Amino acid sequence: MQHDEDNSWCASDCAKGAEEHDSSDDEDSEQIYVPNNPLEWTAEHVSAWTLWVSKNFEIFPPLEPARFPNGGEEIAKFTKADFWVCAGSKAGGDTCAKHFAHLMQRATGAEDKQLYNDVDPDRAQRESLFASFGVTEA
């Protein structure tokens with residue numbers, strides 16, 4: 001994640017050093033600048049963030065941007081269980097929750113301890129959310 005002076009960061013291969021980047025990469029990679037404040041994110045920003053998190057934190061199975069809401073304001077209302085469902089796994093959900101909480105804290109100064117902690121959501125909440133998405137908990 002490369003931060004810029006204009007309150008955004010780059011979610012692509014632009015974070016690579018110049019020595020690692022050659023002209024053949026230009027055709028396959030696109031630089032998406034994502035606002036530092038997740039509350040300003042559009043669907044394109046959410047997609048770039050999910051792909052960046054999936055790649056940089058080596059999340060498996062990889063995150064599917066289509067499973068996430070189309071804006072940062074919606075994600076800001078998420079519980080940890082919501083992240084689990086959208087990520088498709090506990091590990092991926094925990095990573096997304098912590099990274100999103102970190103970005104929110106940097107942008108707004110507000111700390112969401114529920115997303116930062118290692119306490120799992122209660123079973124009833126998890127089952128209800130997974131059922132609403134038609135999936136079973138892994």
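Here the structure is a predicted model, which means the values were calculated and not measured.
When hydrophobic clusters are built by joining Ile, Leu, Val, Met, Phe, Trp and Tyr residues whose side-chain heavy atoms come closer than 4.5 Å, directly or via intermediates, Phe100 is not grouped with Tyr116. At a threshold of 4.5 Å between side-chain heavy atoms, the hydrophobic network of Ile, Leu, Val, Met, Phe, Trp and Tyr places Leu39 and Val46 in one connected group. Leu51 and Leu103 fall into different hydrophobic clusters, where Ile, Leu, Val, Met, Phe, Trp and Tyr side chains are chained together by heavy-atom contacts under 4.5 Å.
Considering CD1 of Ile75 and OG1 of Thr50, their distance stands at 8.0 Å, rounded to 0.5 Å. Here the OG1 atom belonging to Thr108 is positioned 12.0 Å from the CG atom belonging to Asn36, to the nearest 0.5 angstrom. From Asn37, atom CG reaches atom CE of Met104 across 6.5 Å, with rounding to the nearest 0.5 Å. Considering OG1 of Thr42 and CD1 of Ile32, their distance stands at 9.0 Å, rounded to 0.5 Å. The CH2 atom of Trp49 sits 4.5 Å away from the SG atom of Cys96 when rounded to the nearest 0.5 Å.
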**Request:** Show your reasoning for whether ring-ring contact (aromatic ring centres under 6.0 Å, His included) applies to Trp41 and Phe68.
**Result:** CA-CA 12 Å; Trp41 290 359; Phe68 286 79; over 10 Å; no

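Minimum interatomic distance between Phe60 and Ser89 (heavy atoms only, all atoms of both residues): O-OG, 4.4 Å. Across Cys86 and Pro69, no two heavy atoms sit closer than the pair SG-CD, 4.5 Å. Considering all non-hydrogen atoms of both residues, Lys80 and Gln114 come closest at N-NE2, 3.1 Å.
Salt bridge Lys98/Asp94: absent, no basic N to carboxylate O contact under 4.0 Å.
Residues Leu115 and His102 form no side-chain contact, since every pair of their non-hydrogen atoms from C-beta on lies 4.5 Å or further apart. Between Ser54 and Trp52 there is no side-chain heavy-atom pair separated by less than 4.5 Å.
Around the CD atom of Glu73, the shell of radius 6.0 Å holds no more than 12 heavy atoms that belong to other residues, nucleotides or ligands.
When the salt bridge (charged side-chain N to carboxylate O under 4.0 Å, His left out) test is applied to Asp112, no partner is found at least two apart in sequence or on another chain.
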